[in-house]
Amino acid sequence: MATGALQSQRGTGPGHEAMASVMEDTRILMVVREPEARSAYEQALDRIGVSYHTACDFNEVLRMTVESAYSGLLVDILTLVRCSKEEKNIAYDCINFYPTLRIKWDARQQSITPGPQENSSAADTHTALTRFVQERCGTFPARCLRRFARKDSYLSLLLSRDGLPSTAALKTFTVNISQGGAFIQTTDPFAKTDRVWLRFPALAEEALQAGVCWSIPWGGCRSIPGIGVMFDQGLSPRQVEWLKQVAPA
């Protein structure tokens with residue numbers, strides 16, 4: 001893990017003081033594998049004056065986001081494209097949780113550009129990065145991703161929106177699960193913050209309640225469509241023990 005503790009330019013007046021406060025309270029996590037690209041991104045963040053840590057892959061990102069709080073994610077597109085299937089699951093978790101900017105390094109032109117999906121209206125990359133840090137990361141309180149690592153596990157379940165064992169419940173399965181949440185396959189549309197109830201055969205009629213944190217729509221990308229959910233805090237002792245068995249920490 002590489003770190004950057006950066007000094008912003010000094011100024012006077014309330015505007016400068018407010019900006020200095022934003023920079024002091026903001027910490028970015030950057031994920032990039034290639035040394036040349038990493039060096040270029042670090043220089044760009046140094047010019048902005050924001051603190052950052054650097055990870056070389058998404059397995060390291062998972063460990064770092066569990067241990068430390070961050071306000072945003074800077075993702076090298078080539079690192080994302082080349083990562084494994086397991087790492088992509090981690091990447092989607094992070095991208096849907098943190099403010100994220102995807103960027104790419106052009107070794108031939110020696111330049112950094114935002115990814116095509118960013119739709120940035122900034123005239124140059126420095127302005128785009130500065131806006132990302134100030135406007136998106138600066139307003140997002142630094143936080144950890146989650147306490148538990150997820151385990152690939154395909155568990156059958158009934159997914160419902162109302163908690164009732166009705167015919168409207170969807171027959172589906174988990175793609176991965178942890179003691180804190182799961183990724184569930186579904187092509188049905190769900191919105192962030194939707195409430196869902198999960199009925200696993202091993203728990204009989206005792207449904208787990210959860211909140212939708214993010215979703216991957218069908219055809220939206222080269223990944224299994226579904227929803228990422230976080231289990232409620234008030235789980236019963238039986239539910240807690242069952243989760244420890246199927247997803248040991």
Side-chain angles (χ1 to χ4, degrees), residues 58-59 61-73 85-100 140-221 223-249:
F58 283 96
N59 287 317
V61 167
L62 176 60
R63 177 183 61 79
M64 293 168 67
T65 53
V66 169
E67 295 175 352
S68 303
Y70 295 95
S71 299
L73 196 65
K85 174 185 173 183
E86 291 73 19
E87 285 187 87
K88 280 187 170 63
N89 288 331
I90 300 171
Y92 287 124
D93 263 1
C94 294
I95 290 171
N96 285 279
F97 187 78
Y98 293 106
T100 301
F140 185 87
R143 62 192 70 175
C144 297
L145 179 62
R146 60 173 179 254
R147 291 173 53 201
F148 305 106
R150 291 192 180 178
K151 173 186 176 183
D152 287 347
S153 185
Y154 307 106
L155 303 173
S156 298
L157 64 97
L158 294 175
L159 171 66
S160 67
R161 301 174 186 267
D162 56 14
L164 301 175
S166 65
T167 55
L170 303 172
K171 294 180 178 180
T172 184
F173 57 90
T174 63
V175 177
N176 56 60
I177 189 169
S178 76
Q179 294 178 33
F183 178 61
I184 301 167
Q185 187 278 333
T186 179
T187 57
D188 280 29
F190 285 84
K192 190 174 181 180
T193 73
D194 276 357
R195 302 293 301 156
V196 293
W197 282 257
L198 318 175
R199 295 183 180 275
F200 294 91
L203 291 174
E205 296 302 316
E206 193 175 357
L208 273 74
Q209 296 185 41
V212 177
C213 300
W214 53 273
S215 65
I216 299 177
W218 184 90
C221 58
S223 182
I224 298 172
I227 54 174
V229 303
M230 181 180 296
F231 301 139
D232 287 0
Q233 295 295 318
L235 298 178
S236 71
R238 184 184 178 198
Q239 291 172 333
V240 172
E241 287 304 313
W242 180 76
L243 285 170
K244 288 180 179 179
Q245 293 175 16
V246 299

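It should be emphasised that the depicted structure is a prediction, and the values quoted were computed from it without experimental measurement.
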Quick check: closest heavy atoms across [X] and [Y], and the distance to 0.1 Å?
X: Ala69; Y: Ala142; answer: CB-C, 3.7 Å
X: Tyr70; Y: Phe140; answer: O-CE2, 4.1 Å
X: Ala169; Y: Ser160; answer: CB-CB, 4.1 Å
X: Ala247; Y: Gln179; answer: O-NE2, 3.1 Å
X: Arg143; Y: Tyr98; answer: O-OH, 2.8 Å

[Y] side chain reached by [X] side chain, heavy atoms, under 4.5 Å:
X: Trp242; Y: Phe200; result: yes
X: Leu159; Y: Ile227; result: yes
X: Arg199; Y: Leu157; result: no

Separation of [Y] [atom2] from [X] [atom1] (nearest 0.5 Å):
X: Ile90; Y: Ile95; atom1: CD1; atom2: CD1; result: 11.5 Å
X: Ser215; Y: Ile184; atom1: OG; atom2: CD1; result: 12.0 Å
X: Cys94; Y: Trp214; atom1: SG; atom2: CH2; result: 10.0 Å
X: Phe97; Y: Cys144; atom1: CZ; atom2: SG; result: 8.5 Å
X: Tyr154; Y: Thr172; atom1: OH; atom2: OG1; result: 12.5 Å
X: Gln185; Y: Asn176; atom1: CD; atom2: CG; result: 12.5 Å

Residues that Phe58 engages under ring-ring contact (aromatic ring centres under 6.0 Å, His included), provided they are two or more places apart: none
With side-chain contact (heavy atoms from CB on, under 4.5 Å) as the test, would you mind laying out the steps for Ile216 and Ile224 before giving the verdict? CA-CA 7 Å; Ile216 299 177; Ile224 298 172; over 6 Å; no
When you measure from the side chain of Gln239 to the backbone N and O of Ala207, does any donor-acceptor pair fall under 3.5 Å? yes
Any donor-acceptor pair under 3.5 Å linking the side chain of Thr65 with the backbone of Leu62? yes
Could you give the side-chain donor-acceptor pairs of residues 188-198 under 3.5 Å, partners two or more places apart or in another chain?
residue	atom	partner	partner atom	Å
Asp194	OD2	Ala191	N	2.8
Arg195	NH1	Ala210	O	3.4
Arg195	NH1	Asp232	OD1	3.2
Arg195	NH2	Asp232	OD1	3.0
Arg195	NH2	Asp232	OD2	2.5

Ile177 vs Phe231, test: side-chain contact (heavy atoms from CB on, under 4.5 Å). Steps then yes/no. CA-CA 10 Å; Ile177 189 169; Phe231 301 139; 4.3 Å; yes
